[in-house]
Amino acid sequence: MEVIGIVLLGLPMTLLVTAASFAFGAIGGIPLMLGLRSRHRVVRLAVRLVVDVIRGVPTIVWLFLLYFGFAIGVFRFSSLGAAIVGLGVISSAYLAEMYRGGFATLPKGQLEAAQALGLGRRTTFVRVLAPQALRTALPSAATYLMALIKDSSIASTVGVIEMVAAATAYSRQNPGTAGLTPFLAAAAVYVVISVPLAIATRRLDARLSRSHA
Amino acid sequence: MNLADYLPQLGQGLLVSLQLTVISVVAGYAIGLAFALGVASRNPWLRWPALVLVEVGRSIPALVVLYIVYYGLPSVGILLDSFPAAAAGLTFTVAAYSSEMFRAGIRSVPKGQTEAALALGLSRRSVFGRVVLPQGLRSAIPPLMGLAIQSFQGTSLAYSISVNELMSQAYQISAVTFQYLQVYAITGLIYVIIAVPSTWASVYVEHRLARGQA
């Protein structure tokens, strides 16, 4: 039982890394989404390539690149900084794609109606299209958040003391007797976090699709 | 020190990563399909264990699965080398994720197909095996392709249980040359060169399949 307590000590850090990198991605995804929807073909293709490259590099490589490789003058990332920025950059790319998907499913009539009412381009986008697109993107963003909770475990490889790092440390301090329990404890905590989130996401999805119909 | 001299070492690592990918995808999809059939089964003794395995497998980080297999199982007498441990752990994760995709594919087959097949007098077994399953598998192809690409990227986690795959080789090279930025940038590019064209291919296949169904 002691094991659960020790693993739980890492939980706040798991949640912090997840929340911070999701927030990073929710904001960073906006300019990328604008690029993916640009009227200029060159911009669109360039941003598409950037998004695909970001997603093509494994998370652990991103974190090592930032943690060990990144330096401007005397500035270097801390473990936590590298984890949040690394996972945040990756989240930006994934969320940009989901935002774009949200816009892609909007009926054309929305744009036409807004223009017919004499709304400006900016107002049409911010007040009419964006809120509806965001709504459509919400369930997939929630699913992504659940994946991100699990991916935050990779932060342990650059020295962030979250749940998996806490479990590893405990297992190393008690060799022989505690090989399995700390990792099973960590696994149990992930399951306990994921299940309610999965149920909430499913409800959200059902509610949104019901009100759309 | 010229980094080009280290490219063969990275190539060796890539080979190991690809081996892990092939093993975990082939074995994982086979087990995943079995899980999906189990979850769809009317027998509760099959359905519940399959459902629990799938849900647990999807909610535990792959890294934790690897640690359980490599560091945890020895304490109950199961000792695996790092490569088989990585293959087993990744296979389990891939199986859990793919079973959801198989399940969604099978569920996407319109009910009319089953009704029509039954009306034609086909047995329940051939209705599923000959009519529903082939169509379900077809619509599961695009997500399964995406999962295969993610599995390839996921093999980089095997670094943490000291499998000599691409990421481990990169780590060793960077520890010798101190050229962290360059080494990880090249490594990232190697992953990209494989993952990005594969992603484009899967998008192409998805469009083709969608066209065929319309």
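For clarity, every value in this text was computed on a predicted model and none was experimentally measured. Within every chain, numbering begins at 1; the chains are lettered A, B, ... in the order of the sequence lines, protein sequences first and strands thereafter.
- Residues A:Arg55 and B:Gln153 come closest through the heavy atom pair O-NE2, 2.8 Å.
- Not less than 6.0 angstrom separates the ring centroid of B:Tyr184 from the ring centroid of A:Tyr67.
- Within the 4.5 Å cutoff, the side chain of A:Asp52 has heavy atoms near those of the B:Trp200 side chain.
- Only the side chain of B:Tyr171 comes within contact range of chain A, judged by heavy atoms closer than 4.5 Å.
- Residue with the most contacts toward chain A among B:Ile190, B:Ile60, B:Val76: B:Ile60 (heavy-atom pairs, distance under 4.5 Å).
- Here the shortest heavy-atom pairing between A:Leu180 and B:Ser75 reads CB-OG, 3.5 Å.
- Contacts between A:Thr168 and chain B at a heavy-atom distance below 4.5 Å involve the side chain alone, from C-beta outward.
- For B:Tyr97, the part sitting under 4.5 Å from any heavy atom of chain A is the side chain, from C-beta outward, and nothing else.
- For B:Gln12, the CD atom counts as loosely surrounded, since its 6.0 Å shell holds 12 or fewer non-hydrogen atoms of other residues, nucleotides or ligands.
- Remark: A:Arg44 CZ is packed, more than 12 non-hydrogen atoms of other residues, nucleotides or ligands lying under 6.0 Å away.
- Only the side chain of A:Ser156 comes within less than 4.5 Å of a heavy atom in chain B; its backbone stays farther off.
- Residue with the most contacts toward chain B among A:Ala147, A:Ala186, A:Ser153, A:Ala198: A:Ser153 (heavy-atom pairs, distance under 4.5 Å).
- To the nearest 0.5 Å, atoms OH (B:Tyr180) and CG (A:Leu66) are separated by 15.0 Å.
- Counting all heavy atoms, side chain and backbone alike, B:Ile68 lies closest to A:Ala187 at CD1-CB, 4.2 Å.
- Atoms CG and OG1, on B:Leu157 and A:Thr59 in that order, are 7.5 Å from each other to the nearest 0.5 Å.
- In terms of modelled atom types and a separation under 3.5 Å, the side chain of A:Lys150 and the main chain of B:Arg58 share a donor-acceptor contact.
- In this structure, the portion of B:Tyr159 lying under 4.5 Å from any heavy atom of chain A is its side chain and not its backbone.
- Contact check for A:Pro58 versus B:Tyr191: side-chain heavy atoms found under the 4.5 Å cut-off.
- Contact detail for A:Gly69 and B:Leu181: the closest heavy-atom pair is O-CB, 3.4 Å.
- Between A:Phe68 and B:Ser174 there is no side-chain heavy-atom pair separated by less than 4.5 Å.
- Side-chain contact between A:Ile60 and B:Met167 is present, with heavy atoms from C-beta onward closer than 4.5 Å.
- In this structure, A:Phe183 and B:Tyr67 have tilted ring planes: the angle between them lies in the 30° to 60° band.
- Heavy atoms of other residues, nucleotides or ligands lying less than 6.0 angstrom from CZ of B:Arg47 number more than 12.
- Nearest heavy-atom pair across B:Gly188 and A:Val57 is O-CG2, 3.8 Å.
- Of the atoms belonging to B:Val183, not a single heavy atom falls under 4.5 Å from chain A.
- The part of B:Val196 that comes within reach of chain A is its side chain, from C-beta onward, which places non-hydrogen atoms under 4.5 angstrom from that chain.
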